[in-house]
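Shown next, in structure tokens, is the structure this report addresses.
In listed order, ligands and their atoms are each counted from 1.
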Amino acid sequence: MRESKWMQFPREVLIGNDVLKETPAVLQKLKLTGKTFIVTGKNTAGVAGNDVAALLEKEKNECYIYKSEKATLEEVEKIEAAAKEFKPKCFLGVGSGRSIDLAKLASKRCDIPFISVPTAASHDGIASSRASIHSDEKSESYAAQAPISVIADTGIISQAPFRLLAAGCGDVISNCTAVLDWELASRHQNEPFSESAALMSKMSAEMIMGSADLIRPGLDSSARMVVKALVLSGIAMSIAGSSRPASGSEHMFSHALDRIAKKPALHGEQCAIGAIMMMYLHGGDWEKIRSALIQIGVPTSASEMGIADEEIIDALLLAHTIRPERYTILGTGLTPSAAEKVAAVTKVIQ
Ligand SMILES: [Zn+2]
């Protein structure tokens with residue numbers, strides 16, 4: 001008999017200009033009014049965190065604002081302890097990444113719902129159930145919970161630095177190689193595979209690649225498109241019950257770079273470069289990925305990312321050890337000459 005599955009999806013998803021002001025109404029609809037625990041960052045508090053608290057307080061909600069600068073387990077524990085005192089009905093993660101990851105994991109530990117309020121669209125964690133938490137030099141993905149609601153104000157998101165939105169596109173486009181790795185694992189190792197999750201993940205990548213010329217700085221329509229693709233990607237992960245549809249060898253390469261590089265670039269930028277190289281290894285159309293990234297304005301070379309060529313090679317050689325249980329095109333690892341070749345042919349290094 002096949003295993004039963006428990007899939008968790010967001011229930012109220014709001015995407016559009018000025019939807020932040022609907023936050024009190026969303027809480028009311030979900031019967032979560034009363035006390036709200038807001039996790040935000042020092043900058044994002046000024047962008048949206050304080051505003052959302054004011055909106056809620058106007059509707060007689062009591063808010064606890066926790067400002068955090070790093071997504072570490074210690075922070076999760078501090079938030080959990082503060083929340084246990086405050087006894088909120090729900091958590092709000094208001095920020096670009098860290099705040100959402102912290103709220104996601106802390107809310108899961110407190111066993112109360114969480115609402116994702118992204119201020120930028122730089123990665124697909126805004127709607128997924130996974131939280132990426134950092135320790136000394138590595139970042140680890142934890143099973144948390146999917147947001148009960150996503151409130152994505154494209155008025156705010158379109159005004160965030162364009163580099164963040166471009167990185168979000170990179171993260172979505174990298175689904176192309178994640179799905180190929182998953183298919184490979186399903187064929188070679190009989191790993192459970194979900195056709196619907198894979199299709200949805202691929203579709204979100206194709207949506208962005210097909211509209212690459214429409215993604216421009218400062219446009220509400222561009223922010224809307226990227227947020228939708230990121231939400232779809234998050235839902236694909238919820239269907240799969242793992243990050244498989246959106247994280248393969250290209251993500252392992254990015255995590256390896258996080259460990260190696262003196263100054264790592266953005267997650268989505270690193271995954272995008274990883275996707276170009278992994279698509280080459282898969283024998284697929286890596287040039288299609290590269291030209292879409294160029295059109296959007298996502299870096300496609302080490303120098304554009306501010307990373308040394310040697311760091312790219314070292315990350316390629318380390319990548320297969322990052323998550324050894326996750327079978328990918330990297331197999332048991334590349335040889336140094338193969339690593340150099342893939343990086344050079346795809347023009348990632350000079
Ligand atoms: Zn990612």
message: Can you list, by chain and residue number, the hydrophobic cluster partners of Leu219 when the side-chain cut-off is 4.5 Å?
response: none
N, O or S of [X] under 2.8 Å from the Zn ion (ligand 1):
X: His123; value: no
X: His251; value: yes
X: Asp124; value: no

- prompt: Which single N/O/S atom of Asp171 lies at minimum distance from the Zn ion (ligand 1)?
  reply: OD1
Minimum-distance atom from the Zn ion (ligand 1) among N, O or S atoms of His267: NE2
query: Who pairs with Phe37 by ring pair (Phe, Tyr, Trp, His ring centres under 6.0 Å), at least two apart in sequence or on another chain?
result: Tyr64, Phe91
- prompt: Can you hop from Ile329 to Ile312 via hydrophobic side chains spaced under 4.5 Å?
  reply: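 Both belong to a single hydrophobic cluster.
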- prompt: Is atom CG of Asp285 surrounded by more than 12 heavy atoms (other residues, nucleotides or ligands) closer than 6.0 Å?
  reply: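 Atom CG in Asp285 is crowded, with more than 12 foreign heavy atoms closer than 6.0 Å.
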message: Whether the Asp181 and Thr328 side chains hold a donor-acceptor pair (N or O, under 3.5 Å, no angle test) is what I'd like checked.
response: no
